[in-house]
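Comments concern the structure below.
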Amino acid sequence: MSTQHLSEQELIRRDKLAELKKLGIDPYPAPEFPVTHTSVDIKFGYSEEHKEAFAEVSLAGRVMSIRDMGKAAFAVIQDHAGRIQIYVKRDEICPGEDKTLYDTVWKKLLDIGDIIGIKGYGFITKTGETSVHVREFALLSKALKPLPVAKEKDGETFDAVTDPEFRYRQRYVDLVINPAVRETFVQRTKLVNTIRQFLNERGALEVDTPVLQSIPGGAAARPFITHHNALDIPLYLRIANELYLKRLIVGGFDWVYEFSRDFRNEGMDRTHNPEFTILEFYTAYKDYLWMMDQTEQLLEQCARALHGVTDVTVGDKVISFKAPFARVPIYDAIQQHTGIDVREMDEAELLKTCKSLHLVADATMGKGKLIDTLFGELCEHHYVQPTFIIDYPVEMSPLTKRHRKDARLVERFELMVNGKEIANAYSELNDPLDQRARFEEQAKLMERGDDEAMFIDYDFLRALEYGMPPTAGIGIGIDRLAMLMTNQASIQDVLLFPQMRPEKTSGAASEE
RNA sequence: GAAUUGGUAGCUCAGCUGGUAGAGCAAUACACUUUUAAUGUAUGGGUCCUGGGUUCGAGUCCCAGCCAGUUCACCA
């Protein structure tokens, strides 16, 4: 790219870069810069009584603002922990005759966005702000693009970058300039760590299973397809890892889990990204009732880890993750919200019912899908507080064990929070013959035109034939849980790099 | 995939009924040795998303497209 596409400010910064080099200053030096303190260590640790502990501090970070006052200046630098003000006095960083370092390097060549290292000591300014009095400073990395930093006064923010396209495409900038965004992702990691700790403490084993699968199983969804050249076969990006984790239960691991990055070739909106993360775990010799207890405990612990309490604010609602959660059979839920008892209906009656309620339904849909539609359209949004919807009809749950008391039902629950499904769990079907029959039922649905019906996975059936212990399994949508726990309305705000249509190269500058 | 809103300086945004493109911050220059949205003075900075059309004249009106947000549809 030629320089005519660069903005005035970018051209000026390139000139400054050349100027620095002319002065013998490497704008991108190699040596380690030893850091002794973070901004926050000093900001909240410093006091006049303990000033000796801060007599020699060294820290590094990005210049966020500069207030130049002639022969002295204030600046704010930001490191991974936060921000702190620094104070630079000309005659201190330039004790001799040569004032170039201050007059030229600091005042003329340093910009907001540059990364510097400083050495100095802690002190408190006249106006009471804990700061670092700089004795030495070094440029560690010159920024060539202007950083669009927001300004704040009295809690009000000015000129913050709010354009979602800018923020998602240039997340690196978003993270630098919007501390709340950074905090959301720290919280997300804390959430994942809490879950991992919860499971590890109980003896679960974290495993990795294939992302590239020749049969995309374990869920009803359209997969991404790719091709392996050496084997010359199609491969699918996984839509779920369920069948692999159950193979591991067959193999004798009694409690396995995986944070599974799954891929589904479907629409995108504020709750769907083509790749997303689900925690799945499977525990031998347990059932779905046990799993509900575990889920309550896990979510309560997550809320406490992130917020210290079990009440979490989500939008204009307060959601309590205090265990136990309500448990409502799906037929009761439908009856409660529609007044219709569908439990004895056959497929034709269900289809009629759906149509009479003005729901989109057609003959390709089996009984399971019709009931799912009734629940999803008319009931789901009512469940704001965490609620287990339990005992689904067998037709919509091809991998689930039949209910111990009613063979038309399965031992399954979905956890609804804030009107959305957060988790899906069941007593796993371990009867190989029943599983084969259910797969065959799915194959028939596929022939009827259901493009989300499951493929038959013969290797999985073979595994079951060797015997799988009775097992409880669950999948928890981590992105959606993160949205709840961090009070974000869009999945894009809990994904560091949400999927975007590729931008034209002219926008992403500097191909020179 | 559909509807809808938006795209103007590095950022946040004005720009009326079509008449030479505006502000604040950021940048540049000067002044200022404890400021904090530092301050004061001066200055520069634009592919008005792209391509067509209407018009004497288009940021503005019309058509097509691109990108994004929102709401649907599909789904977790």
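All values below come from the heavy atoms of this structure, side chains included, with hydrogens, waters and symmetry mates left out. Numbers restart at 1 for each chain; the letters A, B, ... are given by sequence-line order, proteins then strands. The structure displayed is predicted, hence computed values, not measured ones.
Stacking between Phe276(A) and rA76(B) is shown: the ring centroid lies under 5.5 Å from the centre of the six-membered base ring, and the planes differ by under 30°.
Across rC62(B) and rU70(B), the matching C1' atoms stand 26 Å from one another, rounded to whole Å.
Inspection of the Tyr87(A) and His133(A) side chains reveals no N or O donor paired with an N or O acceptor under 3.5 Å.
Partners of Lys51(A) by salt bridge (Lys or Arg N to Asp or Glu O under 4.0 Å), not counting sequence neighbours, listed by chain and number: Glu48(A). Shown here are the salt bridge (Lys or Arg N to Asp or Glu O under 4.0 Å) partners of Arg270(A), two or more places apart in sequence or in another chain: there are none. Residues passing the salt bridge (Lys or Arg N to Asp or Glu O under 4.0 Å) test with Arg67(A), sequence neighbours excluded: none.
Residues in residues 369-391 of chain A take part in these ring pair (Phe, Tyr, Trp, His ring centres under 6.0 Å) pairs, two or more places apart or across chains: Phe325(A)-Phe388(A), His337(A)-His382(A), His337(A)-Tyr383(A), Phe388(A)-Phe413(A).
Straight-line distance from the NZ atom of Lys89(A) to the P atom of rU35(B): 13 Å, rounded to whole Å. Between Ile112(A) atom CD1 and rA38(B) atom C1' there is a gap of 13 Å when expressed in whole angstrom units.
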A correct 5'-to-3' footprint of nucleotides 6-13 of chain B, with B, S and - meaning base, sugar-phosphate only and no protein heavy atom under 4.0 Å, is ----BSSS
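Scanning atom types as modelled, one donor and one acceptor separated by under 3.5 angstrom connect the side chain of Gln85(A) and the base of rU35(B).
For RNA chain B, the residues of residues 62-70 of chain A within the heavy-atom distance limit of 4.0 Å (strictly under) are Arg67(A), Asp68(A), Met69(A), Gly70(A), sorted by number.
Across the interface with RNA chain B, nearest-nucleotide mapping of Arg501(A) and Gly267(A) shows Arg501(A) to be the residue nearer the 5′ end.
Side-chain contact between Ile474(A) and Leu415(A) is absent, with no heavy atoms from C-beta onward closer than 4.5 Å.
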